[in-house]
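These notes concern the structure reproduced below.
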Number of protein chains: 2
Amino acid sequence: MNRKTPVKRTRAKQRRLSADDRRSEFVTKATELFAEEGFGGGTRALARRLGVTQPLLYRYFPSKDDLIKEVYRKVYLEPLEIGREKLLSDRSRPLRVRLQEFYEGYTDAIFNRKWLRIYLYSGLKGLDINRWYVGMVKDKILTRIVRECRHDAGLATQSRPSAAELELAWVFHGGIFYYGVRKYIYEAPVLEDKAQMISDALDLFLAGFERMAESATDRRGAPIKVVG
Amino acid sequence: MNRKTPVKRTRAKQRRLSADDRRSEFVTKATELFAEEGFGGGTRALARRLGVTQPLLYRYFPSKDDLIKEVYRKVYLEPLEIGREKLLSDRSRPLRVRLQEFYEGYTDAIFNRKWLRIYLYSGLKGLDINRWYVGMVKDKILTRIVRECRHDAGLATQSRPSAAELELAWVFHGGIFYYGVRKYIYEAPVLEDKAQMISDALDLFLAGFERMAESATDRRGAPIKVVG
DNA sequence: ATATCTGGTGATCGCTCGATAAACTGAGCC
DNA sequence: GGCTCAGTTTATCGAGCGATCACCAGATAT
């Protein structure tokens, strides 16, 4: 598979790579380029990063758009392929611990300049894959969190969380996400200890959710009060 | 090719505007264009939106970059020029009410496709004005909120909030902000009642902050526990 | 060694971009 | 009327873009 470097090292530049290697190199470097420049980044600049000429790109991708799609695939699937979210439902451990662990791992995966910038750029393009990802966060993560919180608070675990409960989870999730944006996109100073930020955010969320559950129990009605 | 009548046909009505009007029309339409296309949007597309020709732009702006700077100025200053944040410190009214009112007004100002997209695009460019804005949010809004919360919880109003307290306020603020991003950038379904979303988020934040204040009082030490 | 396969290059096309210079046009003033 | 000045257009430049094609050269098989 991997071409071994010939011992003789004829010239400064060894040029020929196997097709698979070259292709994935294109995707990797393209991710870096587009993260910095946006998807307007040029194919010539990309080729320069690889030390090859620009037309070579078209040996591996029919068009720039196809390359971009590969970048999407890689970036969007990267933080999910571990299947970390299942940890959230492991009721043998305290909810607080599960949430802390999940968010530490999740943010380890997505809190870096490259991922966040590609995510925001593609979000601004309004592509389907972005909506797919947001729906996935809702279904796989937030719905699970709300269910576990309700269980933890001794409430009936209804099949589907109410819209208001989900919104609450979104605000919590978004608050954590925004920490990454502030740090890696805005490059603003943030509290350096990410784990503590998550811990504090969880304190807020769990305290608030608990209190809400109590007041909902008092009124023996809807779990979250409706506007009025 | 001979489609046009050689006769003097009043060449597509040439609307003459005053310099000031035309200039501000450029900025307005440029904001709309750049919100949709990003700052890569072309000067020709912009001119088409005004019903004029492209070189006219350069009578009013030395370069496209200067036009972009004007767009920044307009967009970044728009939601701030009211000076709404002073309401937060008006202690004659309950804190809860002040926060609710402030965030309803603030989000009314910034939660729209145009503002949010320009904000994110310019944030991705990493310009100074974006850092300035983030610093302003911190100094003018979040610092104030923390101070009022501490006062409300009966804690000493120290001159400067701790980094951890500020971070907490950021998570809260970011959670609300992300509601706008989900709705207007991702165009994902959200809880329609924005006021209730804010109300629920405030419940979380205030309950969490209160509880933290209590535990901090118990330990008579730092207002927020340090990691350990 | 020679043929062949394939990763890689050089030259170039058509198009769009930001920007410039010069010509045109319409409204107010004498 | 005719003059003038400011707003607008026509024509065009040079650079950069994505994409295509003919060709080259290093590795492998015969």
Side-chain angles (χ1 to χ4, degrees), chain A residues 1-30 33-34 36-71 121 125, chain B residues 1 3-30 33-34 36-72 121 125:
Chain A
M1 288 295 189
N2 252 339
R3 195 151 297 251
K4 302 197 170 188
T5 43
V7 195
K8 66 171 186 176
R9 198 183 273 260
T10 45
R11 251 187 278 164
K13 234 181 357 184
Q14 50 179 8
R15 299 189 323 196
R16 286 170 83 101
L17 254 61
S18 85
D20 282 354
D21 288 352
R22 187 61 90 196
R23 193 185 149 88
S24 62
E25 207 187 314
F26 263 117
V27 176
T28 304
K29 296 286 188 184
L33 175 69
F34 294 152
E36 290 308 313
E37 314 283 335
F39 295 107
T43 56
R44 272 164 248 261
L46 173 56
R48 207 176 311 123
R49 292 192 177 209
L50 297 198
V52 298
T53 54
Q54 178 249 0
L56 186 59
L57 167 64
Y58 295 89
R59 268 244 183 279
Y60 298 93
F61 301 90
S63 73
K64 185 184 172 182
D65 259 2
D66 291 86
L67 170 61
I68 290 177
K69 272 178 197 145
E70 283 290 307
V71 171
Y121 272 121
K125 291 221 295 189
Chain B
M1 285 321 267
R3 309 201 32 150
K4 277 177 152 181
T5 50
V7 194
K8 172 187 149 187
R9 171 191 165 109
T10 43
R11 195 176 349 92
K13 56 167 179 179
Q14 175 190 89
R15 299 191 328 170
R16 289 171 82 105
L17 257 60
S18 82
D20 282 353
D21 287 352
R22 187 61 90 193
R23 194 185 148 88
S24 62
E25 204 186 41
F26 263 115
V27 176
T28 303
K29 296 286 187 183
L33 175 69
F34 294 151
E36 290 311 312
E37 315 283 335
F39 295 108
T43 56
R44 273 163 247 262
L46 173 56
R48 206 177 311 122
R49 291 193 179 209
L50 297 198
V52 299
T53 55
Q54 178 251 358
L56 187 58
L57 167 65
Y58 293 90
R59 263 269 186 281
Y60 297 94
F61 301 91
S63 74
K64 186 185 172 183
D65 258 3
D66 291 86
L67 170 62
I68 291 177
K69 274 179 196 145
E70 282 289 307
V71 170
Y72 287 148
Y121 272 121
K125 292 221 295 187

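Naming convention: chains lettered A, B, ... in sequence-line order (proteins, then strands); numbering from 1 in each chain.
- The side chain to side chain donor-acceptor pair (under 3.5 Å) search around A:Ser63 returns A:Asp66, not counting sequence neighbours.
- Contact between the side-chain N/O atoms of B:Arg23 and the OP1/OP2 oxygens of D:dG7 is not found at any separation under 4.0 Å.
- The side chain of B:Arg44 has C:dA19 as its nearest neighbour among D:dG26, C:dA19, D:dG18.
- Partners of B:Tyr60 by ring-ring contact (aromatic ring centres under 6.0 Å, His included), not counting sequence neighbours, listed by chain and number: B:Phe26.
- Of the candidate nucleotides C:dG8, D:dA19, D:dT8, C:dG8 has the atom lying nearest to any side-chain atom of A:Arg16.
- When the C1' atom of D:dT10 is taken as reference, atom CD of B:Gln54 falls 12 Å away, rounded to whole Å.
- By the salt bridge (charged side-chain N to carboxylate O under 4.0 Å, His left out) test, A:Arg59 is found to be paired with no residue, residues two or more places apart in sequence or in another chain being considered.
- Other residues, nucleotides and ligands contribute at most 12 non-hydrogen atoms within 6.0 Å of the NZ atom of A:Lys29.
- Listed nucleotides D:dG18, C:dG8, C:dT9 differ in distance to A:Val52; the shortest reach to its side chain belongs to C:dT9.
- Protein atom CZ of B:Arg48 is 16 Å distant from nucleotide atom C1' of D:dT9, rounded to whole Å.
- For D:dG18, the OP1/OP2 oxygens have a side-chain nitrogen or oxygen of A:Thr43 closer than 4.0 Å.
- Annotation: proximity of residues 56-72 of chain B to DNA chain D (heavy atom, distance under 4.0 Å) is found for B:Leu56, B:Arg59, B:Tyr60, numbered in ascending order.
- Listed by chain and number, the residues in a side-chain contact (heavy atoms from CB on, under 4.5 Å) with B:Asp20 are B:Ser18 (sequence neighbours excluded).
- Counting only heavy atoms from C-beta on, A:Pro55 has its side chain closest to C:dG10 among C:dG18, D:dG18, C:dG10.
- Residues satisfying the side-chain contact (heavy atoms from CB on, under 4.5 Å) criterion with B:Ser24, sequence neighbours excluded, are absent altogether.
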Which pairs would a plain distance check flag for residues 36-46 of chain A, meaning a side-chain donor or acceptor within less than 3.5 Å of a matching protein atom at least two apart in sequence or in another chain?
from, atom 1, to, atom 2, distance (Å)
A:Glu36, OE1, A:Arg113, NE, 3.4
A:Glu36, OE1, A:Arg113, NH2, 2.7
A:Glu36, OE2, A:Arg113, NE, 2.7
A:Thr43, OG1, A:Gln54, NE2, 3.2

Would you tabulate the nitrogen or oxygen pairs shorter than 3.5 Å linking the protein to nucleotides 28-30 of chain C?
none

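- Listed by chain and residue number, nothing satisfies the salt bridge (charged side-chain N to carboxylate O under 4.0 Å, His left out) test with A:Arg49 (two or more places apart in sequence, or in another chain).
- Looking at heavy-atom distances under 4.0 Å, B:Gly41 makes contact with sugar-phosphate atoms alone, never a base.
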